Every structure is written in C-alpha cells, then in structure tokens.
Amino acid sequence: MLSADFSHLADDIEMLNRSEADWIHLDIMDGVFVPNISFGFPVLKHVAALAAKPLDVHLMIVEPQKFIPEIKDLGTMMMNVHYEACVHLHRVIGAIKEAGMKAGVTLNPSTPVMMLSDVIRDVDLVLLMGVNPGFGGQKFIEHTLVKVRQLREMIERSGSGALIEVDGGVNLATGRRLVAAGADVLVAGNAVFSADDPLEAIHCLKTL
Ligand code: ZN
C-alpha cells in the first residue's frame, strides 16, 4: 500500500479487493528504525475495514512487540517484525503466535540469512528486503537473489514450513528471477500502482 494514492486510498483498496493479489501488504515506518514515516493506526484501521484480503503487516519500527495487541485488533493475518529491531526475537515470535497471528521475520539487505538458523522452524515466513527499507520505488539489490537461494536451502535442510517473501524493487523482471530462485511471495508497490492498468500488472506478477 506504500505506493498507493493516499488521497484516494479507498479506491486503491477496492482495486486490490477485485485483483488477483493474495494479500495486502502494509508498511509501517516510525522515523527511527527507518528514515521515513508512513502511516499509523488511524489510517490502518480504515484500510483494515475496507480490505477484503488477508493483511500482511510489515513493521519497520523499533520495539514492534509493544504493538502486538493493536496489530492483532486490525485483523492481521501475518505480523512481520525486523530481525534488527528485536533483541529477544524468539520471545517476540512466540508472542505474535500466541496472539493468534502468523509470525514473519524480516531481514535488511545487510543481515545474513544464517542469523535466522536458530528460529527458522518457529517462523511462518521470512521477508527478505530487496532494498534498504524506508522508501518505495528503489532499485533492486541483486544480492537478494543469492539470499533467496540460501534461505531456500536452510528451509529445506531444517524441515521448516516458512514461506519466502521479497519486498522492494519487485517488478516483472526481478520477480521472475526471484520466483526461479525460490521465492514464494512477492510484494509489489510501484510495479502495480505506477502501471497504466494495475489489475493487469497484478495478473502478470501472479502468472510468473
Ligand atoms: Zn514491506
């Protein structure tokens, strides 16, 4: 949703509801963990009320565990926290699941995949950043493809059921390569909302 038209948010959510997209991905920024601020709970409540698809909430904030009840109240399906924002990651993953949500952990481009080897069987999803988080419309970091392959190997070796999601710089060209490398879920912002026909753009991404 970060790339949506915030002055016509309801129209964009309605478009997503009618689209082939599986989830609606919401990027929450606090101006501390990332150098930008996106939107907070007053906006999120309106989005959640209109959304007819499961919510994938990506918290780019410090101490995300403080907001587990509020994120749950939105009706969130997947709560994504950053590895770099959680000192006690294992505890946070447990608390998210205890609240009845699926637990996702996000890695910045500079964080190696191996940092998750001790929790990989506890998480439902790993979100790899294809750009440094904070802004939409950035250029894809090529090394993300190596990380997808490493993560796929770790998941298979450990018997984890975690999905691999990629966020940042995703378009048809990078998306095709990410799926071939082993990605399960693609987050697309600009590639959808800057397209002449967003529904068609989503359709093309879905058929990769
Ligand atoms: Zn995101």
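For ligands, and for the atoms within them, numbers begin at 1 and follow the listed sequence. Source: prediction; values computed, not measured.
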Can you tell whether the side chains of [X] and [Y] come within less than 4.0 Å, N to carboxylate O?
X	Y	result
E14	R18	yes
D73	K45	no
R152	D184	yes

side-chain hydrogen bond (donor to acceptor under 3.5 Å, both in side chains) contacts in which one or both residues fall within residues 111-129, not counting sequence neighbours: E84-T111
Could you enumerate the protein N, O or S atoms under 2.8 Å from the Zn ion (ligand 1), written like residue then atom name? H25 NE2, D27 OD1, H58 ND1, D167 OD2
H25 and D27: side-chain donor and acceptor closer than 3.5 Å? yes
Contact check, side chains of L208 and L186, non-hydrogen atoms, under 4.5 Å: yes
